[in-house]
Novice: 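Sharing a structure below in structure tokens format, with a few things to ask.
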There are 2 protein chains.
Amino acid sequence: MPHLRAPVTRRERQREATYDEIVDVSARLLAEGADLSLRAVAAGMGMTAPALYRYVASYQQLVDLVAFELDKAATAEWAEAAARFPEDDPAARLAVACARFRQWALTRPREFALVFANPIAEEDSERRDLLTLSTSGHYFTDLLWQIWELYQFPYPALDDLDPVIREAVLDPVIPAKADHIPTEDRGILWVYMRAWSALYGVVTLESTGHCDPRVIESGQLFRATLLDWLAPLGLHHERDRITTILDEELARP
Amino acid sequence: MPHLRAPVTRRERQREATYDEIVDVSARLLAEGADLSLRAVAAGMGMTAPALYRYVASYQQLVDLVAFELDKAATAEWAEAAARFPEDDPAARLAVACARFRQWALTRPREFALVFANPIAEEDSERRDLLTLSTSGHYFTDLLWQIWELYQFPYPALDDLDPVIREAVLDPVIPAKADHIPTEDRGILWVYMRAWSALYGVVTLESTGHCDPRVIESGQLFRATLLDWLAPLGLHHERDRITTILDEELARP
DNA sequence: GACGTAAGTTTACACCGTTTACCGTTAACG
DNA sequence: CGTTAACGGTAAACGGTGTAAACTTACGTC
């Protein structure tokens, strides 16, 4: 059994490369507007469909794999865009990241659906675990933590939380780098969940198109939702500045 | 060409019955956990798949038909549950309806996805039109209107709205019985859009399972989101009463 | 160099949506 | 009343899907 830093054998390297190619081809298919199918992916790699079963146990696993990598790649995009603001300005970074997240969801609704609207049943714990690793989730949580460090926005004490929620923030299964958050400050995670729920809501509504197209195009619904969250995050003093950044970001091509 | 109250011929009655059966069989399939497919529906009716093409032009149309009827049936359920409060208590009715909506989304995630997470492309205007007819949309809009009549919550003046949004509330393509809302009061529709977006958000998040299962089970995220909307709807004085109703509804089997 | 295993192939099965050609039955009309 | 056209269905077929099993080939290791 290989160690974690195992000397990668030739085979293992090749296998890793194949996984990368699977993701690449899948992403290309989706970008082209084609359906994501085992056969199409295989064909795109010059293989037959059953061969993919050496790498993935089922179609759903392929989807999960691709979803994870798409999320990772997308998050890198947002993060890069947000990085035009310095590290000590997490509020501005959050505004940019949210806007880019929305933009991504609007221009790539199929990818968005794959990553964020993919139903995850109560029971299958494998896919739940994968959800915990969500790159975007970690990124947003991290930004929120930095914002708290800077602005010290109020958050519920553990005693004020519903017992179930208390348990959930103490031992989170959501994507969150929570280890570095002191136990008594875990109420922050509740703020995170609520904020994420709001962001997820508008973006999903707009991305799936269950909304007046003009409203989507204007970006007002998204804008209003985000502005509502400035105060709870202790950013009321930053309102004008963040609004400017947001509008600037929304006006982007 | 028959009039609107055309004397229904035998054929027309039979055809209508067939449509009903299509919906019934489809609903049964979904309830059984099976996939919704043309072939399965046809088989369930003792027909062959191509025969269904006499009634729907494509699989997507079948889905739309079923989605519309599922929405209608579900709305009837919520409305009936909400009707345990009198007509002059729209706030209580809204609380119950929202809770039932969520309950429905949680117990029937596949149906929910069909109706509310079904991607609608920008272009295809047919499906957009269908969206405008959404029964649940009309029901919720109507409740909100009644709440406004009773509590007169503040809403933005037309001049304060973004031009695009102003246009959208004056000539809405969303499901809303807006004809009876005076032009100058159309800002209410903006409140409606925002509230619906928030409700849609949590419910979708919970229904698709992109969330800690314990948080879902506790209902706290949903509860908090709804409570946040009491004030904007002029229901701050009703907070305790509505909260009780909501908790009672959430505790239901 | 032999052996075991990993990574492919081919073949096959059971589905899927959709199109075409064909055929009774049914309703409408001159 | 008889003719005609539309309606509602069938069977067959095409190309597509995920998946399973058996088989082959090539590689890495002892």
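Computed from a prediction, not measured in an experiment: that's the story for all the values here. We name chains A, B, ... by the order of the sequence lines, and we start the count at 1 in each one.
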Novice: Any salt bridge linking B:Arg15 with B:Glu12? Criterion: basic side-chain nitrogen under 4.0 Å from a carboxylate oxygen.
Specialist: no

Novice: For the residue pair B:Phe116 and B:Trp104, does the interplanar ring angle fall in the parallel (under 30°), tilted (30 to 60°) or perpendicular (over 60°) class?
Specialist: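 Rings of B:Phe116 and B:Trp104: perpendicular, as their planes differ by over 60°.
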
Novice: Does a salt bridge link B:Arg214 with B:Glu217, judged by any charged N lying under 4.0 Å from a carboxylate O?
Specialist: no

Novice: Identify the two heavy atoms, one from B:Pro175 and one from B:Thr141, that lie closest to each other, and give their separation to 0.1 Å.
Specialist: O-OG1, 3.2 Å

Novice: Is the phosphate of C:dA7, meaning OP1 or OP2, less than 4.0 Å from a side-chain N or O of A:Arg15?
Specialist: yes

Novice: Return the value, rounded to whole Å, for the distance between atom CZ of A:Arg13 and atom C1' of D:dG28.
Specialist: 13 Å

Novice: Picking from B:Glu249, B:Glu77, B:Glu80, what satisfies side chain to side chain donor-acceptor pair (under 3.5 Å) with B:Arg100?
Specialist: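 Going through the options one by one, the only one that passes is B:Glu249.
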
Novice: Could you check how far CE of A:Met45 sits from P of C:dG8, rounded to whole Å?
Specialist: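 Taking atom P of C:dG8 as the reference, CE of A:Met45 is at 7 Å.
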
Novice: Please produce a list of atom pairs where a protein N or O lies less than 3.5 Å from an N or O of nucleotides 27-30 of chain C.
Specialist:
| unit_1 | atom_1 | unit_2 | atom_2 | d |
| --- | --- | --- | --- | --- |
| C:dA27 | OP1 | B:Arg10 | NE | 3.2 |

Novice: Are there more than 12 heavy atoms of other residues, nucleotides or ligands under 6.0 Å from atom CD of B:Glu126?
Specialist: no

Novice: Quick check: closest heavy atoms across A:Ala121 and A:Arg128, and the distance to 0.1 Å?
Specialist: O-NH1, 3.6 Å

Novice: Could you check whether the rings of B:Tyr200 and B:Phe112 sit parallel, tilted or perpendicular, using 30° and 60° as the cut-offs?
Specialist: tilted

Novice: Would you give a per-nucleotide map of nucleotides 9-18 of chain D, 5' to 3', where B means the base has a protein non-hydrogen atom under 4.0 Å away, S means only the sugar-phosphate does, and - means neither?
Specialist: BBBBB---BB

